[in-house]
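Below you'll find the structure, written out as structure tokens, and then a few comments.
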Amino acid sequence: MRPFEYAHPQTEAEAVELLNDHGGNTAVLAGGTDLIGLMKQELLSPERVVDLQHVESMRGMARTPDGVSIGALTTLEEIADSPLTVDYPSLLQVVDGHRSIQIQSMGTLGGDLCHLPNCWYFRNGYGLLAMENGESLVEEGDNRYHAILGASGPAKFVSASRFAPALIALGAQVRILGPGPEDEELVPLEYFYITPNTESQGVNVMKPGQFISHVLLPAAVSRDTQLAKRSAAYEVLEIEGLDWPLVAAACSLEIDGGIVRDAKIVLGHVAPTPWVSHEAASSIIGRPLTEETADEAGRAAVASARALSKNEYKIWQAKTAVKRALLSAAGLPTGGL
């Protein structure tokens, strides 16, 4: 690990100022569950690390006129314990999938949303696009855990965030501060992630000196229809311990008189960004949600999937994850374990 300056602001304004020194070659420290490892491997070498742990305004969950605000420093454990989370069961299911007590107590929501890819080529110094001598190491190498959707370009990694699919399905926005002292914007989380075509593009829309301060959730009851939004998330894990999902799916539904009036279905760990499946949602809107229609939605979600040489299994796992998330949201038996 290379030497770096350490700063610990007390306010959001101080954090913005400290992050914009050194030409923006700075890094945000939240829970530290990912950043420290990246710095040890010298995959990131910031000149200054800005520890946000003392910025109290970025902690906890609070009711707002439009829904719920979650501070980016809120831990997984705090999300699970908050009475406000009961209206968003998909978030509770994502927390429950983290079987590590250490991650639940130290990992933060903002850190999860900004987690860099777990692609082993990237983690071993070959960059986001995993290229060597102009050739894709992923296409010719071990690609068991790589993308099956949205990978027609050079990026083959999968988005690492576990909360993003559930939050996108719920219609979440992120509040981004910086790089200037007055700069503040709300970005729908659905449009926060990008698929890079070059190494310099990164994996999200944030510029140097910017950071997420809060995640904003809409109310769990639709203003337009007055229908309660039912949500669920389903992750396929290879082992029960400290592990990352092979695939995941999350959904938000509005059901009236047994008929699906609105739906949003998002897959995780299958593409370089969380993958919104409009085809899967369209297949169930205006119909009752049954095991058969949920299965149809699962098939629609992966209709355009293209496997690499070693990850065809992810296609049928993704189909099943969508089906089980939908059944769970509707309160129906999901089958399996």
Side-chain angles (χ1 to χ4, degrees), residues 66-68 70 85 87-94 97 109 112-113 149-150 158-159 161-174 186-195 215-235 245 247-290 293-305 318-332 334:
D66 299 315
V68 169
I70 311 176
T85 317
D87 292 332
Y88 307 97
S90 57
L91 302 185
L92 292 170
Q93 290 164 336
V94 175
L109 181 58
D112 173 87
L113 295 178
L149 288 162
V158 298
S159 176
S161 173
R162 296 176 71 166
F163 278 96
L167 289 169
I168 291 171
L170 290 167
Q173 296 179 301
V174 287
L186 293 179
V187 176
L189 189 59
E190 179 177 348
Y191 304 118
F192 176 74
Y193 296 96
I194 61 174
T195 301
V215 175
L216 305 177
L217 287 172
V221 175
S222 170
R223 280 187 171 183
D224 297 330
T225 64
Q226 298 303 304
L227 294 174
K229 295 181 182 180
R230 309 185 189 193
S231 70
Y234 189 90
E235 295 181 331
V247 302
C251 65
S252 176
L253 305 174
E254 293 179 19
I255 299 177
D256 185 23
I259 303 299
V260 178
R261 302 303 179 187
D262 194 20
K264 191 152 193 175
I265 299 169
V266 187
L267 285 77
H269 306 274
V270 297
T273 66
W275 190 262
V276 179
S277 179
H278 301 289
E279 299 82 3
S282 296
S283 74
I284 58 171
I285 291 175
R287 305 174 67 189
L289 187 58
T290 64
T293 56
D295 189 70
E296 284 184 41
R299 291 200 300 273
V302 297
S304 62
K319 177 184 81 69
T320 302
V322 168
K323 175 181 177 180
R324 292 185 176 180
L326 288 169
L327 293 174
S328 176
L332 299 171
T334 60

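For the atom pair Thr293 OG1 and Lys323 NZ, the distance stands at 10.0 Å (nearest 0.5 Å). The CG atom of Leu327 sits 8.0 Å away from the OG1 atom of Thr290 when rounded to the nearest 0.5 Å. One finds the CD1 atom of Ile285 at 9.5 Å from the CD atom of Glu254 (value rounded to the nearest 0.5 Å). Atom SG of Cys251 and atom CG of Leu289 lie 8.0 Å apart (nearest 0.5 Å). Between Ile70 atom CD1 and Leu91 atom CG the span is 6.0 Å, to the nearest 0.5 Å.
No donor-acceptor pair under 3.5 Å is formed between the side chain of Tyr234 and the backbone N or O of Leu326.
Not a single salt bridge (charged side-chain N to carboxylate O under 4.0 Å, His left out) links Lys229 to another residue, sequence neighbours left out. The salt bridge (charged side-chain N to carboxylate O under 4.0 Å, His left out) search around Arg287 returns Glu296, not counting sequence neighbours. Residues satisfying the side-chain contact (heavy atoms from CB on, under 4.5 Å) criterion with Gln93, sequence neighbours excluded, are Ser90, Ala232, Ala233, Ser328. For Ser282, the side-chain contact (heavy atoms from CB on, under 4.5 Å) test picks out no residue, with sequence neighbours left out.
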Identify all side-chain donor-acceptor contacts of residues 263-281 below 3.5 Å with residues at least two apart in sequence or on another chain.
unit_1 : atom_1 : unit_2 : atom_2 : d
Lys264 : NZ     : Glu190 : OE1    : 2.5
His269 : ND1    : Ser159 : O      : 3.4
Ser277 : OG     : Ala280 : N      : 3.1

Give every donor-acceptor pair under 3.5 Å between a side-chain atom in residues 161-168 and any protein atom, sequence neighbours left out.
unit_1 : atom_1 : unit_2 : atom_2 : d
Ser161 : OG     : Asp112 : OD2    : 2.6
Ser161 : OG     : Phe163 : N      : 3.4
Ser161 : OG     : Ala164 : N      : 3.0
Arg162 : NE     : Glu235 : OE2    : 3.1
Arg162 : NH1    : Asp243 : O      : 3.1
Arg162 : NH2    : Gly97  : O      : 3.0
Arg162 : NH2    : Glu235 : OE1    : 2.6

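Here the closest non-hydrogen pair linking Val215 and Ala172 is CG1-CB, 4.0 Å. Here the shortest heavy-atom pairing between Gly171 and Pro218 reads O-CD, 3.5 Å. Smallest separation of non-hydrogen atoms from Ala329 and Ser231: CB-C, 3.9 Å. The shortest heavy-atom contact between Leu186 and Gln173 is CD1-OE1, 4.1 Å.
Contact check for Ser222 versus Asp262: no side-chain heavy atoms found under the 4.5 Å cut-off.
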Please step through side chain to side chain contact (heavy atoms under 4.5 Å, CB included) for the pair Leu253 and Ile284, ending with a clear verdict. CA-CA 10 Å; Leu253 305 174; Ile284 58 171; 4.0 Å; yes
Set out, in order, the CA-CA distance, both residues' side-chain angles and the distance that settles side chain to side chain contact (heavy atoms under 4.5 Å, CB included) for Arg261 and Thr225, then state yes or no. CA-CA 9 Å; Arg261 302 303 179 187; Thr225 64; 5.9 Å; no
